[in-house]
Structures are given as C-alpha cells and as structure tokens.
Amino acid sequence: MTERYDPGAVETKWQKRWEETRLYNVDIDGAEDPFYNLMMYPYPSAEGLHVGNVYAFTGADIHGRFKQLQGHTVFEPIGFDAFGIHSENFALEKSTHPMELIPSNIKNFTRQLKRMGFMYDWDRMVDVTQPEYYKWTQWIFLQLYKAGLAERRQAPVNWCPSCKTVLANEQVIDGACERCGSEVEQRFLDQWFFKITDYAQRLLDNLEWIDWSDSTKRLQRNWIGRSEGADIDFEIVGHPDKKLRVFTTRPDTLFGATFMVLAPEHPYVAAITTADRRAAVDAYVENVLAMDLVERRKAGEERQKTGVDTGAKALNPVTDEEIRIWVADYVLMEYGHGAIMAVPAHDERDFEFAKSYDLPIRIVVIPADQYEGFDPSAELKQAFTEHTEDEVLVNSGKFDGVPAAKAIREITDWLAEEGRGSHAVNYRIHDWCISRQRYWGPPIPAIHCEKDGVVPVPEEDLPVVLPYVENFKPDESGVGPLARSAEFFNVRCPRCGGPARRETDVSDTFLDSAWYFMRYPSTEKHDVPFDAERTAKWLPVDMYIGGEEHAVLHLMYSRFICMALHDLGHLPFEEPYHRFRKHGLILKEGAKMSKSRGNVVIPDEYVERYGADTFRTYLMFLGPYEEGGDFREQGITGISRFFDRVWDAAAGPLGDGEPETPELEQKLHATIKKVTEDVAGLQYNTAIAAMMEYLNEARAGGRTPRRSEIGPLVVMLAPFAPHLAEELWQRLGHTGSIFTGAHWPAYDEKLAIADQVDVAVQVNGRLRATIRMPRGASEDDVRQKALAEEGVKRHMNGKEIRKVIFVPDRLINIVVG
RNA sequence: GCCCGGGUGGCGGAAUCGGUAGACGCGACGGACUCAAAAUCCGUUGGGCUUCGGCCCUUGAGGGUUCGAAUCCCUCCCCGGGCACCA
C-alpha cells in the first residue's frame, strides 16, 4: 500500500525542482519550434490574486503546457500592469505612496503566482512602472508623434467641483463623482490624442482574417461603428460663403428633409443666427454647454428633445425649398459634421422633434404595395424607417417609384455628379485620448516652448523619469500633480535652448499594455524596445487568452499601436495576436463575486486546503472555459477524490504489458482522441470528464491498472495538474521532467472506435429496444435483429411496415401504420 | 431601442452537419467496513403510473417542418453581456 497523496508535499517538491532546473526559462535565441503563449498580465492589486486571475491564467497555462508536450518550445511570460488610477487611488486611500505600494503588491502576486505552478519564465518579467520599460512606452509616443499620429487639441474632461479634481470617465457614476457624489462639470483642457480613427477601416478589415473569438470581433465591429452614406451640402440663405455639410445614411429621403439641426457647438451657430433669435439661441447654447457629457447623455434619454430656431434658412438642394435651421442637443458635434438634415417622416428622433415644435413632416418613402393611390396628405403616427427593395419613393421628383435601397445609390450618384454631395463613410470610434492629469503613469515626453511650441523630447533623453512626488493627490488646478514639481517641469527647450515647460500629464495606462507583449522576448536588451530578430522569431503572439472586458480598449489599442509601428517600419507584422480566445466569467453560487457581497473566493485558502493542482483542475471543470462557470464550495471534492484515485492507481508498483482487454485498449484510444481534441479546443471541462471516465473503467472491479494503461493518462493530466503529473511520471520510472521527457500520447484512429455498438430501435420514432451489433452491421442484419425484439413486435402490432430509416451504427426506425 | 449569448434533473453541467436526452461531477438515499464516526468502497437517483413485463410525460412557453427536434423555422417570455439621440 502506497502512502496517501499529499498535494502540499508534492507541489513544494516540484516547484523547487522547476526553479532549480530553470525548466521554464526559455532559450529565446536558440529555441526551436517556438510557441508564444500569452495571457493578459494582471494589475497587482493590494488584495492579491483574484480567483478570476487564476481562472484566466490556468486556462492559458494548460494551453501552453499542452503545446509544450506536443513538442513546441513554449514561451509563457508574465508581467504587471502596475501603473494607473487604481493603484493611485488605493495608495491615496491607504495614505501610502504608489512607489512603496506597488513593489510589495508585486512581491505578493509573484508568490501567489508561483504557488499556482504556472510555467512562467520569471527571468523575463515586465513591470511597466520601471523606467527601463516606460522609456520605450515614451519612445512609442515619439514615433507616433513624428508620424503625425499624436496630436494635441482641446477636449472636455470631467471635473469634480467639490474634490477639485479631474476625473477619469470610469470615476464618474451617473454624472456624479464616485467619491463625494457631487455633480460633475465639464471643462476643456488641452489633451494628447492618438489618431486611431485613421486606422478605423483597417482595424475593421483585418477582423476578417485574424483568428479570434467571434463575439470579440463583434464587439470590436460595433465599437468601430462603420456607417455608409453620403455627405450632402446645403446652401444657407444669405450666406453664400457658407455651405452646411451633413452626413446621412439615408440620402434616399433627401426630398423629405424639411428642416436642419445643428449641434450647439457647431461653428456656424453664432454666424447664421438672426438678430431676433440671438438671445434665445445664446441662452439655449449656454445652458447645454453647462452640462457635462454624462449628464447631457442622461438627460437626452429621459426628457423630451429640446431645441431652438436660429431664424436662418437653408435650401433643400433637390426641392429648392427654404427650410429652417434649428439648434438642438440631440445632434452631436463629434459625429459626422455636427449637423443633420432632418427627415421627420423617416427618422424617429427627427419625428419626435418635429412633433414637439410643429415642424413640417413629408412622407417620401412608402411600402411598394401602397404606391398606387398614395395619399400625400396622410398623417404619420410614427416615423417609417424601412428602406429595402420593398419600399419605394414618393414626393421625390424623378425618383418616384424607385425602390429605397436603390435610391440611396442613385440619389448619391446624382448629387456627386452635380458636385453637391458625395459617397461618405463615418465611424463611431473616437480618437484615443491618452492624457491623464494624474501622477501614476509614464510622463508624456513632450516639452512646451514659448518660442517653438510643442517640442518632443529627443529620443536620447529618454526616459523622462517619473519623479517621486510626495503629494500626488490631484487638485483644483486642472493639471496633473507633476505640475507641482518645478524641478520636473522647468526645462530648456531641446530646440532653441530657451526656457520651456515640460508636459506634466502622464499617459493612459492602456498605452503601457498596448505593447507589453512585444517587450517580453527582449527584456534584457537596453538599446531597443524589441529586438528585431527575436520579434521576427516569436511574434506575433501564437495564442492570447484573456477576458472579454478588454475587447474594445486594450485589444483595440494594441492592434492600433501594432499597425502604426508596422507602418513606421518597426514591426514586420500588423496584427499582434494570431489567435485570441476569451475566457468566461466565474460566479460564486450563481452570483457575481464582489467585496460588498462578501462572496469573493480567495485562491490562497483553497490552495492551502486542496493544493494548486486540485484548485486549477476544479476551476477548469466547473463549466466550459470560454463561457465561465459557477464556483461551488462542494464541487472541489470531486476533483480531490479523482486525484486520490489517480494517485492510488499510478503511484505504486504497476504491472507491465499491453492493456489487459481489447475493450480497455479501445477506451484508452478513444479517450486520448477526445482529450486531445477537447484540450486543443479549450474544452477543458469535457476533457477532464473523459479522463475520469477512463480511470473509472481502468479501475473497474477494484483492479490495479497496468503501466501501459495509466502512463498516457498521467501525460494528459500534466497540463491540468503539473505537480501531480511530475511526481507520478517519476514514480513510473522516468527521470527528468515530464514536460521535457514526455510526448503527448498518440492514438490510433481505428482503435479509438468500438467494434460493438448499441443500436437504437425505434417504432414510429419512439425508442422500443436497444440491440448490440458489430460496428458497420448492414441494414438487413440490423433490421432482422430489430424485428425479432419482443418490444418491437408488440408495438408493431402486426401492422404493415411502410418505411425503414437506417442510420448505420446508431439507429433504425421502423415506421408502421 | 439595436446587436450578441443563454434558458436542459435537487445543483454545476454533457449531448447541437436533427438520430438512444441527462456523460462527468456534486448532493441525496440505501448498503458494506467500524464499538461509533470520518474517510473509503458498492448500489440507487428527471417526474408520474405500474399487474414489476413495462407504459406515459419531460430540454423556458406556444405553434410548425420531419419517420425522428434540446438541436431547424415562426411567435412570445425570462436571464446575462455589449452599444446607445451615431443621423
């Protein structure tokens, strides 16, 4: 009788050995058949590793180990996303400093991650808060600046009048400051933007060929928000020098444009407003601008649309009618041209507005079957927005009777010919504002000179080191805390040598994470952000696994940065991640985990009690990896028992020879096939179930399995339970690590198939018997045996057979009547 | 409002190119071992009826297609996520 399985002892032993033998430290330059296995590096919170982190990393680690066992050299790096508002706020809350807080958090995370047994190459750890790293984050900024992809312009920020601080959007909850609850105001500040909108179409197009989860692609498509339509120019009565340009997706409704609406911020508002309307317009605009963006959005959802007449008129370019120009806040300056042609008959918002202010509504699109005898005076109860081939135009001059879908093209073509419009595409995605009026981030490497304006920091002066600032709390000045350090911001202009002021904003933490995976293979290279040869060898990432909450921020930004660096000649590829798979979310007893609910699973506690292997495997067992699952305290005992049984079956002395019976051999091959396919497809829960099933069979009747029966199981278990597998591998008589010594088991396709099958026998589609047949039995044989079954005879009741459906090896259905 | 994903035993979940629904595990019940308990092992476990041979019902609800539907189609309900005055 062998001793009991002691996870604690086994895991300590192997973690020590892995470290001593440097098992997971990859020979970056010499590695053959490289596989870059990436997971989303964590933010090192003070609370320590969250079970969500463990879930994400375990699934990714299993994939890495699986690839390793298949013969690849797997590079699995880890780092820490340690800059950002989270850390800064936490430090504020605890009255400590991020520069002290972060290293201790990282230390704790490192301990916890090592305890989980992930195959990280710790020599290549990346901490984005180290000048060694953010030097290159700043370098990326300079490259984008040189290429014209970074620019400074005014933009609104959220301002809390009570805390006297700038807030990030994430800190504004329903229009109020998350800390004090006061209403947030809008301020305009100079900010740095990356022109991601220049890449909108490419970001969209490449989604066609990259191998990503469909749902993630869909989120990105929605975020990019491509709309096709037309730009149309309207003349303004009395202002021959001005053309009012609008974007519309519905040029087919142009004849129904009965008024126009400008956004309150539109530059023409002041110029075209007539004298008698000026007071009203000014009051309205002022009122709207006083609202912050969040409040305005919220107000828009709740209240009726408001607006005001400018008194000015425009000419509808196709009807030549004079139509009124209004200002209303339901038109947004940041989309299209900040102005619209309003077609109340065919747009819900315009309809609502027209009803409120008694503006004319003209129907120009109707269902084709109502075309004959259409009554132009008919009144609409709501906007009619259909515009397919089944709707046709009316009241539209020479386009009467043309199907709407066709008219969209024809009217645009016609306007284009006459120089009054053009085909146009608009995107919903906005430029990426990277400025943060905060402390805990990499300083943006720019200098403001009175004489030379914005001057980028010369590359040889990088990094611009983030100084230790005692008081890093944001204040009412509206600029970042670095503006308090004269030592930091007083500089000489690199161009003219005159007095200048250093940029005191830091960059968004999403810029750090946009390229961290490029740094891993080159961590010890100090003269380049990423070594060209290594980058060519290891990148793009072969597999990236992470949470879908980053689908539109991190994943979009890093694709953009990668594309931009590619275009600037720094990278040989334009998409950073070959494959991306999202993992699901872990719930606790059906509910989301949160501190306030008090139902947070602390990994340490479970690892202590059951061991890392059991915890890892349980997490993978509780649901499909890509969908997540429900963590239940009791469930973990199932895996615990399973591993006890594996241990009992494999840890003691074993018999030699082939698998004892043909049935068991068949089951073994079928299991290898199933587990191989499931693990490759991230279907870990069913892979584990298949291994359990096999073990149950191999141990049936209390027998001890043979070495040949249990060896392959140990290898298949290795990605899930690496420590246990190492120990059993050794006990099976091997020396060295299973991860270098073993190869993922192969299966024989023929042996994987059973030679006896249970065939279902149905009468009129209802199951009446099951018969055991040799695989591949003919329809005649199956039919003969089926008809002899008592239950079948009874239900046929002597009736005539009308039809027989036969599915080989599965089913025969006898239809009588 | 728009776009996704999902609804299966007491529970987590299997099975979707239409072909034996409920794999695997948890829990529960019964038994063995034990002075006893824990652990372990064996058996039972969707619901109802049963003359113990079986029979009927069952995958959110209702309809449809089919020899056959958890799976396909239509209508609807509920839950989760994303976007949202985007012209």
Side-chain angles (χ1 to χ4, degrees), chain A residues 4 214-223 225-227 229 246-250 253 261 263 296-297 299-301 305 328-332 334-343 346-350 352-353 426-430 548-549 551-552 584-585 587 589-590 592 618 621-624 626-639 641-642 644-645 648 683 685-696 701-702 757-771 790-791 794-795 802-817:
Chain A
R4 284 181 57 100
D214 284 340
S215 58
T216 312
K217 287 187 182 183
R218 201 171 295 114
L219 289 172
Q220 292 216 339
R221 280 197 192 97
N222 288 347
W223 187 260
R226 183 182 205 270
S227 296
V246 302
F247 172 74
T248 178
T249 53
R250 296 292 309 279
T253 63
V261 187
R296 194 165 143 188
R297 180 169 300 166
E301 282 164 15
K305 297 200 187 330
D329 67 351
Y330 80 92
V331 174
L332 310 173
E334 60 275 17
Y335 188 77
H337 305 291
I340 61 159
M341 66 176 207
V343 185
H346 307 294
D347 180 280
E348 281 165 27
R349 296 150 301 179
D350 297 344
E352 190 195 322
F353 193 74
N426 255 278
Y427 302 92
R428 190 174 308 193
I429 191 171
H430 286 35
E548 204 164 36
E549 67 274 18
V552 291
L585 203 71
L587 304 177
E589 257 111 57
K592 241 182 190 162
Y618 174 58
F621 185 60
L622 49 69
E626 293 180 75
E627 280 155 52
D630 194 2
F631 190 99
R632 281 171 191 264
E633 199 79 35
Q634 286 168 332
I636 198 165
T637 61
I639 300 295
R641 287 174 192 159
F642 172 52
D644 284 340
R645 287 196 292 268
D648 290 344
Q683 283 161 339
N685 57 333
T686 48
I688 295 164
M691 289 189 278
M692 288 173 165
E693 217 175 313
Y694 172 69
L695 184 71
N696 289 345
V757 291
D758 290 318
V759 176
V761 182
Q762 297 183 337
V763 177
N764 286 347
R766 311 197 63 133
L767 183 71
R768 295 306 176 190
T770 316
I771 54 177
E790 271 313 310
R794 178 158 18 98
H795 285 277
R802 296 173 47 173
K803 197 171 172 185
V804 174
I805 287 105
F806 176 64
V807 183
D809 296 332
R810 298 218 66 139
L811 161 148
I812 187 161
N813 184 10
I814 298 156
V815 185
V816 298

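Letters A, B, ... mirror the listed sequences (proteins, then strands); counts begin at 1.
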Measuring from the side chain of [X] (C-beta onward, heavy atoms only), which nucleotide among [options] has the closest atom?
{"X": "N685(A)", "options": "C55(B), A14(B), G19(B)", "result": "A14(B)"}
{"X": "F621(A)", "options": "C24(B), U20(B), A87(B)", "result": "C24(B)"}
{"X": "R794(A)", "options": "C55(B), A87(B), A14(B)", "result": "C55(B)"}
{"X": "D758(A)", "options": "G19(B), C56(B), U20(B)", "result": "U20(B)"}
{"X": "R632(A)", "options": "C26(B), C41(B), G12(B)", "result": "G12(B)"}
{"X": "K305(A)", "options": "U20(B), C83(B), C85(B)", "result": "C85(B)"}

ask   = Hey, which of D809(A), L811(A), T770(A), I771(A) is the one that makes side chain to side chain contact (heavy atoms under 4.5 Å, CB included) with D758(A)?
value = T770(A)

Which one is paired to [N], where only Watson-Crick or G-U wobble pairs with both distances under 3.5 angstrom count?
{"N": "C76(B)", "value": "G60(B)"}
{"N": "A28(B)", "value": "U44(B)"}
{"N": "A70(B)", "value": "none"}
{"N": "C83(B)", "value": "G1(B)"}

Inter-nucleotide [atom1] distance ([N], [M]), Å rounded:
{"N": "A84(B)", "M": "G13(B)", "atom1": "C1'", "answer": "35 Å"}
{"N": "A70(B)", "M": "C85(B)", "atom1": "P", "answer": "42 Å"}
{"N": "U20(B)", "M": "G68(B)", "atom1": "P", "answer": "15 Å"}

What integer distance in Å separates [X]:[atom1] from [N]:[atom2]?
{"X": "I688(A)", "N": "C26(B)", "atom1": "CD1", "atom2": "P", "result": "13 Å"}
{"X": "W223(A)", "N": "A84(B)", "atom1": "CH2", "atom2": "P", "result": "6 Å"}
{"X": "H346(A)", "N": "C85(B)", "atom1": "NE2", "atom2": "P", "result": "23 Å"}
{"X": "R221(A)", "N": "C3(B)", "atom1": "CZ", "atom2": "P", "result": "15 Å"}
{"X": "I636(A)", "N": "C24(B)", "atom1": "CD1", "atom2": "C1'", "result": "17 Å"}
{"X": "Y694(A)", "N": "C24(B)", "atom1": "OH", "atom2": "P", "result": "16 Å"}
{"X": "E589(A)", "N": "C11(B)", "atom1": "CD", "atom2": "P", "result": "14 Å"}
{"X": "F631(A)", "N": "C26(B)", "atom1": "CZ", "atom2": "P", "result": "15 Å"}

Within the structure shown, what part of the strands sits under 4.0 Å from [X] by heavy-atom distance: base, sugar-phosphate, or nothing?
{"X": "L622(A)", "value": "sugar-phosphate"}
{"X": "R641(A)", "value": "sugar-phosphate"}
{"X": "S215(A)", "value": "nothing"}
{"X": "Q762(A)", "value": "base"}
{"X": "L219(A)", "value": "sugar-phosphate"}
{"X": "K592(A)", "value": "sugar-phosphate"}

key: Anti or syn - G9(B), cut at 90° from 0   = syn

inquiry  = Using O4'-C1'-N9-C4 for purines and O4'-C1'-N1-C2 for pyrimidines, with syn meaning within 90° of 0, is G25(B) syn or anti?
reply    = anti

request  = Using heavy atoms to find the nearest nucleotide of RNA chain B for D350(A) and E693(A) separately, return the residue whose nucleotide is more 5′.
outcome  = E693(A)

query = If you pin E348(A) and Q634(A) to their nearest nucleotides in RNA chain B, which one's is more 5'?
reply = E348(A)

query = Parallel, tilted or perpendicular: which fits the ring planes of Y330(A) and F353(A), with parallel below 30° and perpendicular above 60°?
reply = tilted

If you measure from [atom1] on [X] to [atom2] on [Y], what distance do you get to the nearest 0.5 Å?
{"X": "M341(A)", "Y": "T253(A)", "atom1": "CE", "atom2": "OG1", "answer": "3.5 Å"}
{"X": "N426(A)", "Y": "Y335(A)", "atom1": "CG", "atom2": "OH", "answer": "4.5 Å"}
{"X": "E548(A)", "Y": "E626(A)", "atom1": "CD", "atom2": "CD", "answer": "10.0 Å"}
{"X": "I639(A)", "Y": "D644(A)", "atom1": "CD1", "atom2": "CG", "answer": "11.5 Å"}

message = Please confirm whether the shortest side-chain N or O distance from N696(A) to OP1 or OP2 of G25(B) is below 4.0 Å.
response = yes

query = Considering only heavy atoms from C-beta outward, does the side chain of L622(A) approach that of N685(A) to under 4.5 Å?
reply = no

message = Can you tell me whether the side chain of N813(A) and the base of C67(B) have a donor-acceptor pair closer than 3.5 Å?
response = yes

